[in-house]
*Asks:* 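My questions all concern the structure below.
Here the structure is a predicted model, which means the values were calculated and not measured. Sequence lines set the chain letters: A, B, ... in the order given, protein chains first and strands last, and positions in each chain run from 1.
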2 protein chains.
Amino acid sequence: MRDVAAAVGVSVKTVSNVVNATGQVNEATVRAVRAAVEKLGYRPNPLARGLNSRTTDTVALALPGLGYGYCAPLAAAVFDLAEAEGISVVMEPTGGDRERELEVLRNRGGLSDGVLLMPTALTARDLKDPPSPGPTVLLGSRRVESPFDSVASQDTVAAEAAVRLLLGRGASRVVLLGGERKAGGDSAAAVRTDGYRHALTAAGRKFDPSLVVETPRSFRDDGYAAIARLLTPLPGGETPFDAVLALEEPLAHGALHALREAGRDVPGRVQVVAFGNDEDAEYSWPSLTTVQADVRTMARRALDLLTARVREGARPRSHVEVPLTIIERESTFSYA
Amino acid sequence: MRDVAAAVGVSVKTVSNVVNATGQVNEATVRAVRAAVEKLGYRPNPLARGLNSRTTDTVALALPGLGYGYCAPLAAAVFDLAEAEGISVVMEPTGGDRERELEVLRNRGGLSDGVLLMPTALTARDLKDPPSPGPTVLLGSRRVESPFDSVASQDTVAAEAAVRLLLGRGASRVVLLGGERKAGGDSAAAVRTDGYRHALTAAGRKFDPSLVVETPRSFRDDGYAAIARLLTPLPGGETPFDAVLALEEPLAHGALHALREAGRDVPGRVQVVAFGNDEDAEYSWPSLTTVQADVRTMARRALDLLTARVREGARPRSHVEVPLTIIERESTFSYA
DNA sequence: CTGAAAGCGCTTACAG
DNA sequence: CTGAAAGCGCTTACAG
């Protein structure tokens with residue numbers, strides 16, 4: 001910048017003014033400076049700029065990992081939207097590890113202005129009384145209480161809608177694959193399980209705990225094993241359920257596999273719905289009816305909340321809820 | 001930092017020395033400083049540090065998008081490996097746009113020490129004579145000539161192996177779905193098409209251009225349309241090919257759909273292999289034999305190359321080639 | 001082993 | 001409309 005100033009014969013201040021469109025500058029001077037900038041290939045140093053202005057136009061995106069739930073499409077949406085506003089995003093993979101999630105909160109993502117965090121391992125306490133309440137927006141499916149702004153997908157409502165859909169299409173015994181038996185949790189699984197219960201209650205059906213199947217993880221094999229086990233005592237015969245709501249998409253693919261192997265037609269004998277945002281849902285056979293998060297809207301709101309927080313500092317806490325959408329495909333009956 | 005220095009009663013320099021483990025410091029002083037750091041919750045400002053040391057421990061990752069080829073798993077690998085070394089990575093989505101790719105090269109990713117770029121729209125000229133040869137590592141499937149270090153997946157070799165596999169399993173007419181008819185290109189499609197030709201030549205078969213099917217894009221629908229068109233003139237009858245090598249995985253899923261619809265058994269009548277790193281390959285029916293890039297190794301080598309380049313500046317250019325792996329699944333005959 | 005000074009490349013008041 | 005000075009929070013020679 002000093003070189004540019006020298007070349008034009010003005011002070012650094014003036015160059016700074018031109019580059020940042022700050023203050024008033026004579027039009028001729030502007031042109032001269034612009035020309036010199038071009039000629040010398042000058043690029044402002046973002047570090048020096050940030051050191052003063054205390055703002056780097058960078059946000060940290062702390063996700064457990066790209067393979068987790070709808071993280072991949074959510075991250076893609078954040079990258080896109082941020083890029084459009086000239087904001088850089090630095091990835092902060094937490095691996096679903098509490099220590100790393102805490103570290104994100106403490107360290108505020110290094111050189112970023114704020115952080116977008118999807119908490120997974122953080123306890124309710126951690127969130128309620130966090131180490132440092134810097135500009136932070138929580139996002140995800142969890143139900144949390146904290147001093148931070150947040151953007152949550154309405155998983156309870158969506159799960160309820162999914163079960164209602166299944167009941168409406170004739171199902172009466174819906175397996176909740178990957179659900180959480182114990183009530184009162186705040187994880188994505190717990191939140192969705194609540195919706196499952198609500199739907200049954202609202203429909204006047206009774207809740208059968210044996211239909212809530214917990215799985216060690218949410219991989220395809222877990223879904224396969226769980227459904228295969230339910231069918232084992234009844235080779236070819238009875239099917240103790242007529243629908244499956246899988247709380248993570250890979251579980252559903254495993255379930256489809258187990259059902260196919262056991263000769264249970266989908267959706268004829270068993271209808272299947274899954275939470276998921278992957279394209280896989282279209283590729284499977286039959287294609288899968290899914291409940292998908294509106295990641296684009298979530299990214300949009302989260303980014304807006306964060307930039308507002310960075311700009312304004314003290315401002316009332318916002319909590320945004322974003323609905324999910326049910327995409328009907330071949331694994332459920334079409335509404336007759 | 002000044003506060004810490006004041007609290008302990010030493011100079012900033014000493015605090016700096018302790019924090020960075022630079023120079024020699026009295027052990028008692030070290031302890032005192034550490035205590036004060038802890039007590040005051042001091043965190044070094046990475047901007048100020050970077051302004052001096054001219055290094056931010058940040059790299060930019062410029063990819064066309066998470067949905068493109070093996071970008072998603074590659075990005076995940078880069079995030080993981082970088083995190084393990086305390087390097088931050090800022091995403092720079094280019095959208096496969098030449099201007100944005102050029103911008104990455106010019107601007108060197110803002111506050112990052114260097115950039116990992118997967119060029120897609122950049123021309124051979126752009127790469128040969130780039131705007132600014134800062135620390136940069138090119139990565140991807142393209143065959144490029146440039147002053148930069150690079151990490152390339154050996155797509156030609158892999159395509160050749162895939163065709164050899166098909167021929168070895170009895171195929172004689174292999175459709176190349178998403179191939180590039182025109183020779184001499186340097187895109188991923190062109191590079192893979194070369195392998196296809198090589199394999200045929202090596203096996204003494206003749207190259208039939210009608211089997212090279214170009215597709216407007218690489219989506220599922222493109223694959224579906226292309227294969228459906230090939231089968232249209234022959235309803236239920238002849239099948240003018242007995243294998244498909246799809247150059248992008250979605251194309252293969254579309255192809256499977258078209259084949260299923262036309263009643264052509266896979267792999268009985270037609271065997272299918274696809275380039276791809278997605279888990280979708282396992283979920284489809286039948287599951288898909290794929291050629292997958294070793295993204296972890298690519299990420300590892302690219303990061304190593306970049307940090308070496310950042311550290312050393314002038315050093316001979318490195319070009320690393322990483323092999324791909326064929327994962328056999330149900331869409332091809334098992335080797336009898 | 002430790003300190004005082006200069007400086008990284010910008011921006012922010014403060015003058016004019 | 002423009003400039004000279006101070007300063008952002010560190011590190012880098014240079015002394016001692």
*Asks:* So does A:R300 pair up with A:E85, basic N to acidic O under 4.0 Å?
*Replies:*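 Counted as a salt bridge, because a side-chain N and a carboxylate O are separated by less than 4.0 Å.
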*Asks:* Quick one, B:S153 with B:Y70, criterion side-chain hydrogen bond (donor to acceptor under 3.5 Å, both in side chains). Give me CA distance, side-chain angles, the key distance, then yes/no.
*Replies:* CA-CA 11 Å; B:S153 49; B:Y70 48 76; 3.0 Å; yes
*Asks:* Does B:T14 put a side-chain nitrogen or oxygen below 4.0 Å from OP1 or OP2 of C:dG3?
*Replies:*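 Yes, within the criterion.
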*Asks:* In whole Å, I'd like the distance from the CG atom of B:N17 to the C1' atom of C:dC1.
*Replies:*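 Taking CG of B:N17 and C1' of C:dC1, I get 9 Å after rounding.
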*Asks:* Figure out the CZ/C1' separation between B:R49 and D:dC10, and round it to whole Å.
*Replies:*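 That distance rounds to 8 Å.
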*Asks:* Please determine if a side-chain N or O atom of B:S16 lies less than 4.0 Å away from the OP1 or OP2 oxygen of D:dT11.
*Replies:*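 Answer yes for this pair, as a side-chain N or O of B:S16 is under 4.0 Å from OP1 or OP2.
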*Asks:* Pick from A:D155, A:V191, A:L127: which one makes a side-chain contact (heavy atoms from CB on, under 4.5 Å) with A:R142?
*Replies:*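 The side-chain contact (heavy atoms from CB on, under 4.5 Å) with A:R142 is passed solely by A:L127 among A:D155, A:V191, A:L127.
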*Asks:* Please pick, from D:dT11, D:dT2, C:dG3, the nucleotide with the shortest atom-to-atom distance to any side-chain atom of B:N20.
*Replies:*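 Nearest to the side-chain atoms of B:N20, counting from C-beta on, is D:dT11.
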*Asks:* Looking for any heavy atom pair under 4.0 Å, which part of the strands does A:R2 touch: base, sugar-phosphate only, or nothing?
*Replies:*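 Answer is nothing: A:R2 stays at 4.0 Å or more from every strand.
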*Asks:* Using a 4.0 Å heavy-atom cut-off, does A:T22 contact any base of the nucleic acid, only the sugar-phosphate backbone, or nothing at all?
*Replies:*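 Contact class for A:T22: none.
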*Asks:* Side chain of A:R54, heavy atoms from C-beta onward: which of D:dC8, D:dT12, C:dG9 has the nearest atom to it?
*Replies:*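 So the nucleotide nearest the side chain must be D:dC8.
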*Asks:* Classify the nucleic acid contact of A:P46 as base, sugar-phosphate or nothing, counting any heavy atom under 4.0 Å across all strands shown.
*Replies:*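 If one applies the 4.0 Å heavy-atom cut-off, A:P46 turns out to touch nothing in the nucleic acid.
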*Asks:* Name the pairing partner of C:dA13, where a pair is Watson-Crick or G-U wobble with both distances under 3.5 Å, or state none.
*Replies:*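 The answer is none; no pair meets the criterion.
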*Asks:* Between A:L111 (CG) and C:dC8 (P), how many Å, whole number?
*Replies:*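 After rounding, the reported distance stands at 21 Å.
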*Asks:* Can you figure out which of D:dG9, C:dA4, D:dG3 approaches the side chain of A:L51 most closely?
*Replies:*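 Nearest listed nucleotide: D:dG9.
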*Asks:* State, yes or no, whether a side-chain contact exists between A:V137 and A:L117 at a heavy-atom distance under 4.5 Å.
*Replies:*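 Contact flag for A:V137/A:L117 side chains = no.
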*Asks:* Of the options C:dC8, D:dG3, C:dC10, whose atoms approach the side-chain atoms of A:N45 most closely?
*Replies:*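 The answer is C:dC10, which lies nearest to the side chain.
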*Asks:* Is D:dA4 paired to anything, Watson-Crick or G-U wobble with both distances less than 3.5 Å, and if yes, which nucleotide?
*Replies:*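 Base partner found: none.
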*Asks:* Is it true that B:E27 and B:R31 have a side-chain N and a carboxylate O under 4.0 angstrom from each other?
*Replies:*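 Salt bridge between B:E27 and B:R31, a charged N being under 4.0 Å from a carboxylate O: yes.
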*Asks:* From C-beta outward on B:K13, which listed nucleotide comes closest to its side chain: C:dG9, C:dA4, C:dA13?
*Replies:*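 Looking only at side-chain atoms, B:K13 lies closest to C:dA4.
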*Asks:* Measuring to OP1 and OP2 of D:dT2, would you say a side-chain N or O of A:T29 lies under 4.0 angstrom away?
*Replies:*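 Yes, such a contact exists.
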*Asks:* Write down the distance between CG (B:D3) and C1' (D:dC10), rounded to a whole number of angstrom.
*Replies:*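 It works out to 13 Å between those atoms.
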*Asks:* Could you state the atom-to-atom distance from CG of A:L47 to C1' of C:dC10 in whole Å?
*Replies:*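 So the two atoms are 10 Å apart, to the nearest Å.
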*Asks:* Given C:dC1, C:dG9, C:dT12, which nucleotide is nearest the side-chain atoms of A:N52?
*Replies:*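 Of C:dC1, C:dG9, C:dT12, C:dG9 is nearest to the side chain of A:N52.
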*Asks:* Please state how far atom CG in A:D57 lies from atom P in C:dT11, giving the value in whole angstrom units.
*Replies:*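 It works out to 12 Å between those atoms.
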